[in-house]
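FYI, side chains are in, hydrogens and waters are out, and symmetry mates aren't considered; it's all heavy atoms of this structure. Throughout, protein chains are lettered first and strands after them, A, B, ... in sequence-line order, and every chain is numbered starting at 1.
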4 protein chains.
Amino acid sequence: MSTKALPDPSRRSETARRAILTAALDLVAEVGYAKLSIEGIAKAAGVGKQTIYRWWPSKGVLLFDAFLGLAGDGDAAALSDTGDLAADLKLVLRATVEELNDPRFDLPMRALHTEIVHDPALAADYAKRLDEPMRELKKDRLRAAQRAGQLAEDVDLDVAVDLLFGPILNRWLQRTGPLTPEYAERVVDTALRGLRPREP
Amino acid sequence: MSTKALPDPSRRSETARRAILTAALDLVAEVGYAKLSIEGIAKAAGVGKQTIYRWWPSKGVLLFDAFLGLAGDGDAAALSDTGDLAADLKLVLRATVEELNDPRFDLPMRALHTEIVHDPALAADYAKRLDEPMRELKKDRLRAAQRAGQLAEDVDLDVAVDLLFGPILNRWLQRTGPLTPEYAERVVDTALRGLRPREP
Amino acid sequence: MSTKALPDPSRRSETARRAILTAALDLVAEVGYAKLSIEGIAKAAGVGKQTIYRWWPSKGVLLFDAFLGLAGDGDAAALSDTGDLAADLKLVLRATVEELNDPRFDLPMRALHTEIVHDPALAADYAKRLDEPMRELKKDRLRAAQRAGQLAEDVDLDVAVDLLFGPILNRWLQRTGPLTPEYAERVVDTALRGLRPREP
Amino acid sequence: MSTKALPDPSRRSETARRAILTAALDLVAEVGYAKLSIEGIAKAAGVGKQTIYRWWPSKGVLLFDAFLGLAGDGDAAALSDTGDLAADLKLVLRATVEELNDPRFDLPMRALHTEIVHDPALAADYAKRLDEPMRELKKDRLRAAQRAGQLAEDVDLDVAVDLLFGPILNRWLQRTGPLTPEYAERVVDTALRGLRPREP
DNA sequence: TTGTAACCGAGACGGTACGTCTTGTCTTAGA
DNA sequence: TCTAAGACAAGACGTACCGTCTCGGTTACAA
C-alpha cells in the first residue's frame, strides 16, 4: 500500500554506485566530516544529486556503505591463534590502534561513529553488519582460550570483548589520552590479570 | 598584534547568557543535535545571533558550556568508600548507567560527544574540565583500595578506570547492546577478577 | 547534413499521438502554462517521455499542434455575408470575444501566444498555418464589401484586419480593460467611421 | 494578524537592489526569458538568492520592476502637439516602432508581456503603473485634437487609442508581419479616415 | 551630566547546502 | 524495431542557516 514508488534496483548503474562510494570516502578524508556535503560528493563523482538521493536515505547510510566496502576487503580472517592468548590479543589490539591512528581510516570512521551516535537505526545496522561479525571472531578466539585453560570458564565473553576493546575505542573517540601500542598492551595485561591483588 | 577586538566580559549580560544556555539544552533535547542551529537558539533565547557569536566560538563549545552548567550542580562529591570496593564501584557504575539512560542527559551528552569526536580542541577542553576531575575522583577511590589491599599495587590506575568505564561508555555511544545495571555489575566483577582462570 | 537519425513517421502510433495532444491541452488548462511539464504530459498520456521528445522538438510546437487540432475542427467556414458589413463584422468580433473569454480556449491560447512571443520559428509557423488562412477569410469578406461599395477602394486590407482585430487581441492578452461584446461593437463602429469628424 | 514576517524596507541595500535589476535586464536580453533564472540573476548581481526572494515575490514582478526603471527615465513627456494630428500620431507611432525594433527594449519587453499574459495580478499592476499613465498622455493629445476639430466629438478615446496602438503591438508580439514605420503611417491614415468610403 | 563606548535585540547581507523537481539523453524489457 | 518505463547527469527551484555586518536602543563608566 506504499504510495512511494521505489526505484528498481535491477536498473541501477554500478558505475555510478562505485563512483559515489569512492568519492564519499575521498571527500570525507579530504575535507572532514563536518564539511562533507551530498552536493560535493555528487560533483566529485560526476553524478546527479538525485542519483544519490534515489539510493541512499541519508548521508550516514551512504557513509556506512562506503565504509563497508573499505573494511570488507580484508576483514574476514579469524584472529591469529598461536596458543599464547596474551600475545595474540596484543597483536590484534596493536593492529587496531595502528588502524585508528591511520588518517586513511580515522576520518571516515569518526564520521561513521558520529552518525551512529545519533541514528539508532544506523547503529542497529552497524551492530549487525560490522560489529557482530567481528565480535564473533574475537569471541571465537576467546572460546579457544577457554578450551586451552587460558581463560576462566565462567567469563561472559561479550563483557570480555568489551573490556579489551572498549578502552581503546573510547580513548580514540574521546582523545582522553594518547592511543599507543603500549597502552594497548597494558590494557591486555590488566584485563587478563584483573585489578585485584594476586592471592598470596 | 591581534586585530580582533575582544569583547569585555564585565559588560556581559548574565540574562542573555543564561537564556542562551537554557535554550541550547532545551533545543538539543527537542529537535536533536543534527537540527540544532545557532539561529534557532538565538530565536528561542530571544537574543540576537551576534550575542552568541560574540561569546562562543562554536556550537560545540556552547553546548559544552551548557552541559557544564547541567552537570556541575551535584558532581563535586567524592566516590563513596564503604570499604567494599566492588560494591562501591557497582554503585557508581549503576548510577552512570542510569544517567546515560535518562533522556534529560542522553541527548545533550550525545551531542557533546559528537562535537568532541570531530573537534580536538574541544576534546582537550573536555578532557581537562570534565573528564580529568572526575577521573581523579575515581583514581582516589582506587588508590584507597590499593592502600586497603583490595587492588593490586602495580596496576596503572588510568588503565583501571578505562577498563571499568570504557565498556559502559562504548555501549552507550554505539548501542552495541542494552545498557543495564546488570551489565555494569558484570563489568565490575570481570574487571576485578580478570579474565584468566584462578590459579588452582 | 544532420547526424540525428530521424524517426520513421510510418511507424508512429496514432493512439499515442492523440493521447499526448489531448493530455497537453487538458494539462495546460488545468495547471497553467508555467507549470506545464513534458514529464506531466507523458504521465497523463500514459506515454514514455521519449515518445514526446521523438516527435516534437519543443513544448511550444507540441502545444501548437495540440491547438491546431482544437481549432481546426470548425473553423474552415467563411465569414457570414448578409450584405450588412457592420453587422457581419460585429458578429464575428463578438464571437471572437466570446471564444477568448471561454476558459476552454483562453488558457491554451495564452500558452500558445507566449511561445509565439519568444519563438520566431513558431511565430512563422503560426502565421502560415493559422493566422494567414483566417486572415484570408476576413479579407475575402472585406473585398466583398469593397465590391458592394461599403468599404473604401484604396484601403489596405491587412491594415483593415489589424484595425479590427488588433484591439481585441491586445485587450485580451494584456488585460488592459474588460473584453466585452460592447467593446467589440464600438471597435467596429469606430474603425468603419474613422476618427476624423464627418465633413459638414 | 499576518504570520509572515515582512522585511524592513528601511534597511534595504540600494546597491543590491540596483545590481539585481541591472543584472535581470542584462540577462534577459542575453539568454532570453525561458532561460532566465533567479540563480543566474543572483550570481550575475553578486548577491545571495535570498536577497532576491526577500524583496520580490516572483520573477515576473522583478522583471517588471527592472523594466520600470528602464522605461521610467525619459517617459513622462507629453506627446508633441504641432497642430497636425496625423503628423503627431505618425511621429509617436514611428518612435514606438523603433523602440520595439531595438533589441535593447525588445527582449525584456517580450519577457514582461509573457508574464503579463499569464499573471493577472501583474497585468493589473502593469495596467496601472505603465499602461494607464501613457494612455492618458495619448488621450490628452486626442482631446486637444477634438477641441481643434480634428477628431470626432463622439469618439471613445480608449477605443481610439486601441485602434492606433493595438495593431502595432500585435504585429510586434505575434510577428504576423514586418513592423516598419510605413506600416505605422498606414495605420494612422486608415484609422483617421475610417474604412468606409467617403460620401460622394 | 553628558558623552561615548560597549553590549543588546534585530535582522539584512553574500553565501553554501539542502532535498525536490524538471530537463533532455540513454538504457532496458517486452510486444 | 518501436514502445513504456525509468535511471541517468545536470542544474534551477525555494528554504534554512551560516557567520559577518549594520542599525537603533539601552546601560554604565568617564569626563
Q: Would you say A:W55 reaches F:dC8's phosphate, i.e. side-chain N/O to OP1/OP2 under 4.0 Å?
A: yes
Q: Return whichever of A:Y53 or D:D8 has its heavy-atom-nearest nucleotide of DNA chain E closer to the 5' end.
A: D:D8
Q: Rounded to the nearest angstrom, tell me the gap between atom NZ in C:K35 and atom P in E:dT23.
A: 13 Å
Q: Would you kindly give the CD1-to-C1' distance between D:I52 and E:dC13, to the nearest whole Å?
A: 13 Å
Q: With the side chain counted from C-beta on, respond yes when B:L62 and B:I41 share a heavy-atom pair under 4.5 Å apart, and no when they do not.
A: yes
Q: Distance check needed: E:dG14 P versus D:I41 CD1, whole Å only.
A: 14 Å
Q: Kindly indicate whether a cation-pi arrangement holds for B:R12 with B:W56, taking the cut-offs as under 6.0 Å to the six-membered ring centre and within 45° of the axis.
A: yes
Q: Within this structure, what is the CD-to-C1' distance between C:E14 and F:dT3, rounded to whole angstrom?
A: 16 Å
Q: Starting at the 5' end of DNA chain E and moving along, which residue's nearest nucleotide shows up first, B:R11 or C:G40?
A: B:R11
Q: Tell me whether A:E39 is salt-bridged to A:K43, with the criterion being a basic N under 4.0 Å from an acidic carboxylate O.
A: no
Q: Are the side chain of C:R175 and the backbone of D:A124 linked by a donor-acceptor contact shorter than 3.5 Å?
A: no
Q: Hey, is the side chain of B:T51 poking within less than 4.0 Å of OP1 or OP2 on E:dG9, counting only N and O atoms?
A: yes
Q: Please evaluate the base of F:dC21 for a donor-acceptor partner in the side chain of B:Q50 within a cut-off of under 3.5 Å?
A: yes
Q: Of the candidate nucleotides E:dT23, F:dG14, F:dT3, which contains the atom at the shortest distance from the side chain of C:R54?
A: F:dT3
Q: C:K43 NZ to E:dC21 C1': how many Å, rounded?
A: 12 Å
Q: What do you reckon, is CZ of A:R54 surrounded by more than 12 foreign heavy atoms closer than 6.0 Å?
A: yes
Q: Any side-chain N or O of A:S13 less than 4.0 Å from the OP1 or OP2 oxygen of E:dT27?
A: no
Q: Judged by each residue's nearest nucleotide on DNA chain F, which is more toward the 5′ side, A:A42 or B:E39?
A: A:A42
Q: Both C:G46 and B:K59 contact DNA chain F. Which one's nearest nucleotide lies toward the 5' end?
A: C:G46
Q: Side chain of D:K49, base of F:dG14: donor and acceptor closer than 3.5 Å?
A: yes
